[in-house]
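Beneath this line is the structure, given in structure tokens, with notes to follow.
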Amino acid sequence: MNICVFCSAADLDDRYVLPARRFAELLGKGGHALVWGGSDTGLMKVMADGVQRAGGKLIGVSVEFLAHKARAGADEMVVTKDLAERKAQLLARADAVVVMVGGMGTLDEATEILELRKHGLHTKPVVLLNTAGFYDGLQEQFRRMESEGFLPIPLVDLAFFAADGAGALAYLAERAGNGA
């Protein structure tokens, strides 16, 4: 699968870096391609390093104002004019989406991808990788949205919250097998 991973470009604590390394290794060893924001910094670099070391393919989608941070040696690197085009390219090149820990940019990417899925504009599975409980609050908010009628489809059909990379990949493999 081509798996789009949204994650931070910041240097982070080991409680986020070590699970990311394990997840990257699983992706690469599984023969999956990493479709990511293309940056060679922070958690994005950790993911690209791990996938590449484990034999996986790298498909980067950078943006003009961040092109100077793009990873050299990716199998493919696209540079878009703006963030909206970048998100569209990332989704178009992916079979599935995994949202890892990140800041405002990652949250923006996650909510746009989920909004598109909510409206049936894509059917690709979306996993929020809840490393160290990072997305506990967001999961609680989504549950409230669901219970109070703000989600037109069940949360379980919108996104899956995985505790670790192995759980994320197991879910994606199951969904791919079902054609969903």
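Residue numbers count from 1 along this sequence.
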*Going through the checks in order, is the side-chain contact (heavy atoms from CB on, under 4.5 Å) test met by Val79 and Val63?*
CA-CA 5 Å; Val79 179; Val63 65; 5.9 Å; no
In Å and rounded to the nearest 0.5 Å, what is the [atom1] to [atom2] distance from [X] to [Y]?
X      : Y      : atom1 : atom2 : result
Leu172 : Arg175 : CG    : CZ    : 9.5 Å
Ile59  : Leu34  : CD1   : CG    : 8.5 Å
Asp40  : Met77  : CG    : CE    : 8.0 Å
Leu138 : Leu107 : CG    : CG    : 6.5 Å
Leu129 : Phe23  : CG    : CZ    : 6.0 Å
Phe65  : Thr80  : CZ    : OG1   : 8.5 Å

Answer yes or no: is there a side-chain heavy-atom contact under 4.5 Å between [X] and [Y]?
X      : Y     : result
Ser39  : Lys45 : no
Tyr135 : Val99 : yes
Ile3   : Leu27 : yes
Asp49  : Arg53 : yes

Hey, does the side chain of [X] reach the backbone of [Y] with a donor-acceptor pair shorter than 3.5 angstrom?
X      : Y      : answer
Glu146 : Leu155 : yes
His122 : Ile113 : yes
Asn130 : Phe134 : yes
Asn2   : Asp95  : no
Thr41  : Asp11  : no
Asp82  : Glu85  : yes
Arg86  : Gly37  : yes

Please give me the minimum heavy-atom distance between [X] and [Y], naming the atom from each residue.
X      : Y      : answer
Cys7   : Met100 : CB-CB, 3.7 Å
Val127 : Ala168 : CG1-CB, 3.7 Å
Ala48  : Trp36  : CB-CZ2, 3.8 Å
Thr131 : Arg15  : CG2-O, 3.4 Å
Ser8   : Gly102 : CB-CA, 3.8 Å
Met1   : Ala96  : SD-CB, 4.5 Å

Hydrophobic cluster identity match, [X] and [Y], side-chain contacts under 4.5 Å:
X      : Y      : value
Leu66  : Val35  : no
Leu83  : Met104 : no
Leu121 : Leu91  : yes
Ile153 : Phe150 : yes

*asked:* Could you check whether Asp157 pairs with Arg117 (Lys NZ or Arg NE/NH1/NH2 to Asp/Glu carboxylate O, under 4.0 Å)?
replied: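 Salt bridge between Asp157 and Arg117, a charged N being under 4.0 Å from a carboxylate O: no.
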*Do Glu64 and Lys81 meet the salt-bridge criterion of a basic N to acidic O distance under 4.0 Å?*
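No, this pair does not count.
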_Run Phe6 and Leu90 through side-chain contact (heavy atoms from CB on, under 4.5 Å) and show every step you take._
CA-CA 9 Å; Phe6 294 122; Leu90 285 161; 3.6 Å; yes
*Test Gln52 against Arg71 for side chain to side chain donor-acceptor pair (under 3.5 Å), laying out the working first.*
CA-CA 12 Å; Gln52 200 165 46; Arg71 184 183 182 95; 2.9 Å; yes
_More than 12 heavy atoms of other residues, nucleotides or ligands under 6.0 Å from NZ of Lys29: yes or no?_
no
*Check the surroundings of atom CD in Glu140: do more than 12 heavy atoms from other residues, nucleotides or ligands lie under 6.0 Å from it?*
no
*Report the residues that fulfil salt bridge (charged side-chain N to carboxylate O under 4.0 Å, His left out) with Arg22, sequence neighbours left out, ordered by chain and then residue number.*
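Salt bridge (charged side-chain N to carboxylate O under 4.0 Å, His left out) list for Arg22, sorted by chain: empty.
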*Should the ring pair Tyr171 and Phe160 be called parallel, tilted or perpendicular, given that the plane angle runs from 0 to 90° and is split at 30 and 60?*
parallel
*Given side-chain contact (heavy atoms from CB on, under 4.5 Å), test Val101 with Leu12 step by step and report yes or no.*
CA-CA 10 Å; Val101 298; Leu12 300 172; 3.9 Å; yes
*asked:* If you apply the rule side-chain contact (heavy atoms from CB on, under 4.5 Å), what do you find for Gln139 with Leu128, and how did you get there?
replied: CA-CA 9 Å; Gln139 186 173 24; Leu128 284 97; over 6 Å; no
*Apply the test salt bridge (charged side-chain N to carboxylate O under 4.0 Å, His left out) to residues Lys87 and Glu112: give CA-CA distance (whole Å), side-chain angles for both, the deciding distance (0.1 Å), then the verdict.*
CA-CA 8 Å; Lys87 288 182 281 190; Glu112 181 164 334; 2.6 Å; yes
*Identify, with sequence neighbours excluded, every residue that meets side chain to side chain contact (heavy atoms under 4.5 Å, CB included) alongside Ala24.*
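Here the qualifying residues are Met47, Val51.
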